[in-house]
Every structure is written in C-alpha cells, then in structure tokens.
**Student:** 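One structure follows; several queries about it will come next.
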Protein chains: 2
Amino acid sequence: MAMTIADIAKIAGVSRATVSGVLNNSPTVSAKTKDRILAIIKKYDYRPNEIARALALNQTGIIGLIVKDISNPLYSEIALGVEDVCGQEGLSVIIGNSHKEWDREVAHINLLKRRRVDGLIIFPLQKGADVRHIADLKKEKYPFVLLAEIPGIEADLVRADDEVGAFQATEHLINLGRKRIGYITGPQSALASDRRLSGYRKALKKHGLVPNDKHVIRGGWRLKDGYKVGKEFLSCETTCPDAVFCYNDSVAIGVMRAFVENGVRVPQDVAVVGFDDAGVGAYLETGLTTVAQPAMEIGRRSAMRLVELIRLKDNAQKPKKLYLQTKLQIRETCGANKKGSVSVQKK
Amino acid sequence: MAMTIADIAKIAGVSRATVSGVLNNSPTVSAKTKDRILAIIKKYDYRPNEIARALALNQTGIIGLIVKDISNPLYSEIALGVEDVCGQEGLSVIIGNSHKEWDREVAHINLLKRRRVDGLIIFPLQKGADVRHIADLKKEKYPFVLLAEIPGIEADLVRADDEVGAFQATEHLINLGRKRIGYITGPQSALASDRRLSGYRKALKKHGLVPNDKHVIRGGWRLKDGYKVGKEFLSCETTCPDAVFCYNDSVAIGVMRAFVENGVRVPQDVAVVGFDDAGVGAYLETGLTTVAQPAMEIGRRSAMRLVELIRLKDNAQKPKKLYLQTKLQIRETCGANKKGSVSVQKK
DNA sequence: ACAATATCTTAAATCGGTTCAAATTTATGG
DNA sequence: CCATAAATTTGAACCGATTTAAGATATTGT
C-alpha cells in the first residue's frame with residue numbers, strides 16, 4: 001500500500017504531528033526538520049491521503065457541478081470555466097448530468113451531499129418541478145450557486161442577462177431597417193425564453209413598432225422546431241416577417257433552412273438572429289448573427305462565487321445575483337456583409 | 001453538524017456496528033432491527049459520510065477523467081458516456097482539462113492520486129511528451145484506461161478505429177467516381193492523423209489509384225488550417241483534387257469555404273469528407289459528409305473497462321485494446337443528394 | 001549558572017465510518 | 001429443561017490524516 005504519514009514520521013524519527021506540520025507548513029516546525037522531512041517525503045514520493053485529510057478537516061476540496069447535459073456546448077463551456085477557476089483554487093469538480101430528469105437531478109445532489117462536496121453549482125430544472133431538494137440545500141446552508149432561477153427560491157445566481165441580450169438583438173434588427181420582426185420562442189418550460197420575449201417586446205416598444213401576435217410563435221430548442229416555424233411563416237404571406245429573432249441557434253438554423261428552401265434569401269429578404277453562439281454559427285456558409293452567452297464567464301463567476309460562499313462559512317448574508325452581459329455577435333445573417341475571407345474566431 | 005452513525009446508533013439503542021450492518025445490508029442483522037433502524041435513518045434524514053466510508057474501505061467511488069478540453073464536442077460527448085456508465089455504477093466522475101499542457105496533465109493526475117480516486121480515464125498528450133507519469137501509473141498498478149495510444153506504453157485503451165474509418169471514407173469517394181483524392185493531415189503531433197493517412201493510402205492502393213504527393217498536404221485542426229490548404233489546392237490547377245478527405249470537420253469546413261469562395265462547387269466539382277462528426281456537420285447548408293467517431297461509446301466502453309479493472313483488483317492480466325467502429329455519416333458534401341425542393345443554386 | 005522565555009515536538013483525541021472475533025441472545029432438539 | 005447450535009449484536013481496532021494541550025529543548029537576560 002501507499003505510504004502514510006506514520007511511515008514518514010518513523011523514517012524521519014519524529015511524530016506524525018510534526019510531519020503534518022510540515023505538510024501544512026505550520027510555522028511552528030523548525031526550518032531544519034522541515035527541510036529534512038521534505039527531503040524524505042520527496043525521496044519516498046509520499047502523497048498525503050486527501051480522503052483522510054478531508055475527514056479530519058471536514059472539507060473535501062471537491063465541488064459538484066450539475067448540468068442538464070455536458071455534451072451541450074453551452075454547458076460544456078460553462079464546465080470549462082468552472083474547472084478553470086476551481087483548478088486554480090486546488091478544487092476538483094465532479095460533474096453530473098441531470099438529462100432534464102428530476103430524479104437524476106435529485107439523485108446527483110443527494111450523492112454529492114453524501115460525498116460531502118464543499119459546494120454545488122446547479123443548473124436546475126425549472127418550471128413546475130418539485131424543488132424541495134434545492135430548498136433543503138438552502139435550509140441546511142449548504143453552499144451552492146444556481147445557473148438559472150427557480151421561482152420561489154432566493155439563492156445565489158449567475159446567468160446571462162437574457163432580457164438585455166434580446167433587447168439589443170432586436171434593436172439591432174430595427175436599426176437595420178427591419179419592420180416586421182418575429183420571435184420564435186423556446187420550449188414552454190424555459191424561463192429564459194420568456195425573458196428574451198420580454199426584451200424583444202421592450203425593443204419594439206421603444207422604437208414605436210407595434211407588436212404583432214402573429215409574429216411571436218411557439219418554437220422549441222431544436223433545428224426542426226425552427227424549421228417548422230419557418231414553414232409556418234412562409235404560409236401566410238401577408239404577415240411574413242422581414243426579420244426573425246430566435247430562442248437559440250439551432251432554431252435559427254432551422255428557420256433559415258426553411259426559408260432558403262423556399263427561395264427566401266437570408267439576410268436579403270429576412271434577417272435572422274440566434275441566441276447562445278454555441279459553436280455552430282461561425283461555421284455556417286452564411287455566418288449566423290447571434291446573441292453570444294458568456295458561457296465560460298458564467299462558469300468562472302459561479303465558481304468564484306461558490307468559493308466565496310465556501311470560504312465565508314457563516315453565509316448569513318443575502319444571496320447575490322449576477323447577470324452577465326451577452327454580446328451581440330454580428331455575422332452575415334444580419335448586419336455584417338459577407339466577406340471574402342474567413343473570419344477566424346479567436347479562442 | 002450532520003448526523004453520524006453514532007447518533008443513529010444511540011437513538012436506536014444499538015451499536016454503531018449494527019447500524020453499519022444495516023447500511024450495507026449485511027445478512028447478519030435481523031429483519032426486525034433492520035426495519036427499525038431504517039425507519040430512524042429516514043426520519044432523521046441521515047446520510048452516511050462517504051468520506052469516512054472511503055477511508056475505511058480504501059475506495060472512494062470516484063474516478064478521474066482527463067481530457068484536453070471539455071468544451072470540445074468530441075470530449076464532452078465522451079464525458080457524457082463516461083458519466084452515464086459511472087452513474088449506473090454509483091461512481092462519480094471528476095473531470096480535469098489538460099489544455100494540451102503537459103504540466104496540467106501531470107498536476108491533474110497527481111491531485112487525483114492524492115484524492116485516491118479508484119481509477120483514471122486519460123486522453124493523454126502523445127508524441128514527444130515525457131510520459132513517466134503514465135508509466136508510473138502502470139508500475140503502481142493504478143487502474144487506468146487511455147483514450148489514445150502512448151508510444152512505448154502498453155495499457156488498456158479505447159479509441160476509434162481511425163484507419164478503417166479513413167479507409168471507408170476514401171473508398172466511398174472512389175466509388176463515387178472520384179479519381180484525384182486529397183488528404184489534409186492534422187497537426188504533427190496527432191497520431192490519429194497518421195493512422196487516417198494510412199487508411200486513406202490503403203484505399204487508394206486497393207483500387208489501383210496512384211497516390212500523388214501533391215494531394216497530401218499538412219493541415220492542422222482548425223477551420224483556418226483547412227482554408228489555407230484549400231487555397232493552396234486552388235493555386236495549382238493541374239493537380240487540384242476532385243475530392244478531399246480531411247483530418248477533421250473544422251478543416252473540412254475551412255477547405256469548403258476556400259473552394260466556394262473561388263466558385264468551386266461542393267460536391268459537384270470537389271467532394272469533401274470530414275472526420276469526427278462533432279456537432280457541426282448536420283447544421284451546414286450543405287451537410288458535411290464525415291466519419292463519425294463513436295464518442296459516446298468511447299466514453300461508455302472506457303468506463304466499463306475501467307470498472308472492470310477496478311473490480312478485478314489483481315490486474316495482472318494483459319491490457320485490452322478496444323478499437324471502436326466509426327460510421328460514415330453521408331450528407332451532401334459527397335454522396336447524398338440535397339433534400340428538399342431547392343437544389344444547390346449559386347447565390 | 002539559573003530562572004524565565006521562546007521554540008519545537010509529541011501524545012492522544014478526533015473525524016465517521018467498517019470489520020471481525022467474541023459475547024450475548026434466541027432457537028432447536030433430545 | 002438443559003445442552004448445543006444458530007442467529008444477532010457488540011466492543012474495540014483500524015483507515016490516515018489534523019489538532020491542541022502539555023512536555024521537552026533551546027535561548028536569553030542578569
């Protein structure tokens with residue numbers, strides 16, 4: 001088996017306490033013994049057992065991150081940000097996928113609590129779900145940060161400012177001279193879709209455009225949802241919009257496909273704007289203009305906040321809510337002219 | 001603080017050993033006391049401390065997964081597969097990003113060893129790197145599975161069968177009547193690129209086509225690498241290929257972009273095939289034909305193998321190497337006809 | 001040189017579980 | 001009813017670290 005602190009102590013002819021002192025560089029151990037023991041530790045390649053340490057210290061140095069699906073670029077980039085910050089702090093990250101299933105979300109949280117992780121970052125199920133497990137976290141003062149609001153629960157939160165993002169996108173379309181701007185919503189359960197709708201409406205209002213109910217259509221989150229709505233738009237010629245703002249990029253691509261198939265040109269006839277900028281937009285022949293989520297930054301900031309909560313211990317203070325700026329990524333589906341050279345994304 | 005096994009024991013009026021027996025449903029504890037204690041556990045919402053458990057059992061129920069960058073769709077899908085299998089086994093997964101940096105890879109492995117994770121799945125740096133840390137794992141009989149070969153180290157491995165994948169893609173191009181088929185390589189350090197080149201060559205050979213050195217060009221892994229090579233191809237008209245097989249999808253998209261910009265039509269003038277099928281191909285206007293990596297399956301199988309290694313304990317047996325089948329995903333850049341009413345019209 | 005301090009080291013308790021030989025209780029059969 | 005076997009339960013050691021009061025050594029001032 002691996003070396004233990006006792007082995008090192010015996011070899012060095014000191015007590016375990018002294019070795020422990022060296023490991024945690026306590027100032028009370030003399031420089032001489034410290035160096036001597038350090039040398040021994042190195043020589044025998046001794047690696048302190050973090051499990052034993054965690055038990056004694058009552059902290060694991062591990063946090064949990066629960067997302068719906070790590071293979072979704074949005075979440076994986078969030079994860080990257082989380083891991084980045086945590087890595088710097090010496091924390092490890094356990095990832096759990098809820099797959100949008102309540103049972104799995106609960107099971108993951110329970111397991112992570114048993115593992116005594118120091119804190120949790122959770123992208124929770126939202127509307128209509130039983131959220132007692134989250135409420136419990138709060139009651140137990142377990143450090144955690146949410147990546148999406150849960151109605152009825154006041155907790156630390158980090159997310160993109162959807163409303164402003166949507167507002168800016170819509171305003172951009174208006175400034176380009178578009179008059180009949182449509183919005184394709186996300187799935188019913190997505191609060192973010194409601195907020196984006198709200199930003200969209202505010203922009204119309206500000207510029208004196210009258211919202212047309214026919215232009216707000218329930219969509220979804222997949223390409224085919226957008227495609228379907230695109231066909232719908234085309235069927236009623238009189239009200240066909242000259243610009244479409246979409247819940248996300250997949251929907252935007254779907255709606256574009258429907259348009260293009262029917263000879264409707266993007267952006268000449270209809271401009272299109274997506275949301276998320278989740279990796280695809282830049283690869284399209286006609287680059288997709290989209291509201292970029294600061295996904296990496298969401299990950300980073302939520303991790304930083306979580307670290308704060310963990311350090312604070314006595315977190316009696318009020319939860320902080322952080323709304324990060326989106327960035328309108330202008331490409332060819334509206335705004336930018338098609339250029340003769342590749343626009344190479346940095347990153 | 002949270003309840004401990006001692007608290008439950010006291011409440012139930014039994015010893016800690018008995019409660020422990022209940023938790024691990026040992027057959028020696030009577031049904032009656034078992035039910036009674038179970039009720040108490042539920043009532044007080046007692047959650048056993050997995051840290052203490054890990055210390056006593058000398059196993060953590062955690063595994064480590066080290067990839068280059070979790071925000072890369074290929075790796076995030078692998079991660080999904082790993083987490084899926086591990087979840088079923090009650091294992092948690094710690095993810096570490098090496099960012100292609102040797103230091104980080106080593107640091108992650110070291111930390112995970114200190115955390116006494118039960119095993120590791122590693123996508124390692126390859127060519128030219130110091131791999132002693134991996135060799136050490138083997139020496140210490142630490143259970144681990146690699147997702148890419150390391151020259152000189154015999155270890156358990158799960159990866160896609162690049163060579164066969166490349167062979168099939170190339171053969172497909174040949175069967176479509178293409179005669180001058182090019183290959184754009186990946187970065188120098190990628191062993192996978194060499195294997196794909198080899199598959200490509202075998203296919204040419206099998207069908208009696210003479211390989212042309214001008215058609216194998218060093219590329220890279222980014223869109224702009226492909227774009228650059230595309231321009232190169234175009235500059236020497238006489239040797240311009242009528243089909244290009246690319247190291248990955250990004251390169252394929254880059255080369256397509258170069259072609260399209262110069263009025264060369266895909267697939268009519270030049271067919272293009274990518275590799276990976278990492279999420280983008282299906283979203284393009286002209287769907288990208290590509291060799292799909294079984295990423296999820298790679299994750300699943302590597303996790304399954306790791307679980308085996310962990311269970312086996314005495315893993316004196318020979319490492320197993322698993323090469324998973326790729327799948328040629330035929331879309332419009334070669335092979336499939338564009339679906340829908342509109343054919344590929346110039347804009 | 002000696003008492004008073006300042007430095008360093010250690011023994012033992014603790015964290016919250018598991019394990020197993022030994023002790024206790026219950027069941028069986030003659 | 002008692003001896004014996006079978007079924008349960010328990011006490012104490014253990015996993016590998018940290019922590020702190022107390023003990024040991026070294027240093028200082030006079």
Side-chain angles (χ1 to χ4, degrees), chain A residues 1-38 40-41 44-62 90 110-118 313, chain B residues 1-38 40-41 44-62 90 110-118 313:
Chain A
M1 263 300 95
M3 284 251 151
T4 73
I5 203 172
D7 299 327
I8 298 296
K10 186 181 290 179
I11 293 169
V14 299
S15 74
R16 291 161 29 211
T18 302
V19 178
S20 176
V22 171
L23 289 175
N24 302 283
N25 45 63
S26 138
T28 78
V29 38
S30 74
K32 203 165 60 175
T33 38
K34 182 173 172 180
D35 290 347
R36 193 163 56 85
I37 292 176
L38 242 26
I40 294 175
I41 286 177
Y44 290 88
D45 192 32
Y46 162 67
R47 292 162 199 285
N49 182 327
E50 290 294 329
I51 295 299
R53 201 143 184 277
L55 183 59
L57 293 176
N58 196 30
Q59 73 175 31
T60 52
I62 303 178
N110 282 341
L111 179 55
L112 290 169
K113 280 165 81 174
R114 289 167 60 133
R115 292 206 189 286
R116 302 299 193 264
V117 297
D118 294 338
K313 289 284 182 190
Chain B
M1 262 298 95
M3 283 251 150
T4 74
I5 204 171
D7 299 327
I8 298 295
K10 186 182 290 178
I11 293 169
V14 299
S15 74
R16 293 176 333 172
T18 303
V19 178
S20 176
V22 171
L23 289 174
N24 301 285
N25 46 62
S26 137
T28 78
V29 37
S30 76
K32 203 165 59 174
T33 38
K34 182 173 171 181
D35 290 346
R36 192 163 57 86
I37 292 176
L38 241 27
I40 293 175
I41 286 177
Y44 290 88
D45 192 33
Y46 163 68
R47 290 161 199 286
N49 183 326
E50 290 294 330
I51 296 299
R53 201 143 184 277
L55 183 60
L57 293 176
N58 196 30
Q59 72 175 32
T60 52
I62 302 177
N110 283 341
L111 180 55
L112 289 168
K113 280 164 82 174
R114 290 167 59 132
R115 292 206 188 285
R116 302 298 194 263
V117 297
D118 294 338
K313 291 283 182 190

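Quantities reported herein were computed from a predicted structural model and do not represent experimental measurements. Here is how names work: the chains are called A, B, and so on, in the same order as the sequence lines, proteins then strands, and each is numbered from 1.
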**Student:** Using a 4.0 Å heavy-atom cut-off, does B:Thr4 contact any base of the nucleic acid, only the sugar-phosphate backbone, or nothing at all?
**Tutor:** sugar-phosphate
**Student:** Check this for me: does the side-chain of A:Arg16 come within 3.5 Å of the base of C:dT10 through a donor and an acceptor?
**Tutor:**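 No, no donor-acceptor pair under 3.5 Å.
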**Student:** Write down the distance between CD1 (B:Ile51) and P (C:dT18), rounded to a whole number of angstrom.
**Tutor:** 13 Å
**Student:** With nearest nucleotide decided by heavy atoms, which residue, B:Lys34 or A:Leu23, maps closer to the 5′ end of DNA chain D?
**Tutor:**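 Residue closer to the 5' terminus by nearest nucleotide: B:Lys34.
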**Student:** Roughly how many Å is it from CZ in B:Arg36 to P in D:dT8, rounded to a whole number?
**Tutor:**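 Those two atoms, CZ and P, are 14 Å apart.
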**Student:** When you check the phosphate oxygens OP1 and OP2 of C:dG16, does a side-chain N or O of B:Tyr46 lie under 4.0 Å from one of them?
**Tutor:**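 Negative; the distance criterion is not met.
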**Student:** For A:Ile5, which of A:Ile41, A:Val19, A:Val22 qualifies under side-chain contact (heavy atoms from CB on, under 4.5 Å)?
**Tutor:** A:Val19
**Student:** What's the closest nucleotide to the side chain of A:Ser20 if the choices are D:dT19, D:dC15, C:dA11?
**Tutor:**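 Given the options D:dT19, D:dC15, C:dA11, the side chain of A:Ser20 is closest to D:dT19.
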**Student:** Once you round it to whole Å, what is the distance between P of D:dC15 and CG of A:Asp7?
**Tutor:**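 Result: 10 Å.
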**Student:** Check the phosphate of C:dT9 against A:Thr18, side-chain N and O only, distance under 4.0 Å to OP1 or OP2. Yes or no?
**Tutor:** no
**Student:** Among C:dT9, D:dT9, C:dT18, which nucleotide has an atom closest to any side-chain atom of A:Thr28?
**Tutor:**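 That would be C:dT9.
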**Student:** Considering only D:dG16, C:dT10, D:dT19, which nucleotide approaches the side chain of A:Ala52 most closely?
**Tutor:** D:dG16
**Student:** Using a heavy-atom cut-off of 4.0 Å across all strands, would you classify A:Ser30 as base, sugar-phosphate, or nothing?
**Tutor:**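 It contacts sugar-phosphate atoms only.
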**Student:** Does B:Val14 reach a base, just sugar-phosphate, or nothing at all? Heavy atoms under 4.0 Å.
**Tutor:**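 Since only primed, P, OP1 and OP2 atoms lie under 4.0 Å of B:Val14, the category is sugar-phosphate.
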**Student:** Pick the closest DNA chain D nucleotide for B:Arg116 and for B:Pro27 by heavy atoms, then say which residue is nearer the 5' end.
**Tutor:** B:Pro27
**Student:** Between D:dA17, D:dG16, D:dT9, which nucleotide gets closest to the side-chain atoms of A:Ile5?
**Tutor:**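 Nearest to the side-chain atoms of A:Ile5, counting from C-beta on, is D:dA17.
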**Student:** Do A:Tyr46 and A:Leu23 have side chains that approach each other closer than 4.5 Å (heavy atoms only, starting at C-beta)?
**Tutor:** yes
**Student:** Expressed in angstrom and rounded to an integer, what is the separation of A:Leu57 atom CG from D:dG16 atom P?
**Tutor:**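 So the CG-P distance, A:Leu57 to D:dG16, works out to 16 Å.
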**Student:** Within this structure, what is the CG-to-P distance between B:Asn58 and D:dA13, rounded to whole angstrom?
**Tutor:**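 Rounding to the nearest Å, CG of B:Asn58 and P of D:dA13 are 21 Å apart.
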**Student:** Tell me the closest heavy-atom pair linking A:Met3 and A:Tyr44, and the distance in Å.
**Tutor:** CE-CD2, 3.6 Å
**Student:** Reckon B:Asn24 has a side-chain N or O less than 4.0 Å from the OP1 or OP2 of C:dT18?
**Tutor:**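 For C:dT18, OP1/OP2 do have a side-chain N/O of B:Asn24 under 4.0 Å.
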**Student:** What is the minimum heavy-atom distance between B:Val14 and B:Arg36, and which atoms define it?
**Tutor:**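 For B:Val14 and B:Arg36, the tightest heavy-atom pair comes out as CG1-NH2, 3.7 Å.
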**Student:** Please report the distance, rounded to the nearest Å, between CZ in A:Arg114 and C1' in C:dC15.
**Tutor:** 18 Å
**Student:** Taking only the side-chain heavy atoms of B:Ser15 (C-beta and beyond), determine which of D:dG11, C:dT18, D:dT18 contains the nearest atom.
**Tutor:**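 Looking only at side-chain atoms, B:Ser15 lies closest to D:dG11.
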**Student:** Between A:Thr60 and A:Arg115, which heavy-atom pair has the shortest distance, and what is it?
**Tutor:**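 Scanning both residues completely, I find the closest heavy atoms to be CG2-O, 3.5 Å.
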**Student:** Which heavy atom of B:Asp118 sits nearest a heavy atom of B:Gly61, and at what distance?
**Tutor:** OD2-N, 2.7 Å
**Student:** Considering only side-chain heavy atoms of A:Ala17, which listed nucleotide, D:dT20, D:dT9, D:dG16, is closest?
**Tutor:** D:dT20
**Student:** Round to the nearest Å and state the distance from A:Arg53 atom CZ to D:dC15 atom P.
**Tutor:**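 After rounding, the reported distance stands at 20 Å.
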**Student:** Please report, rounded to the nearest Å, how far the P atom of D:dT19 is from the CG atom of A:Leu55.
**Tutor:**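 So the two atoms are 12 Å apart, to the nearest Å.
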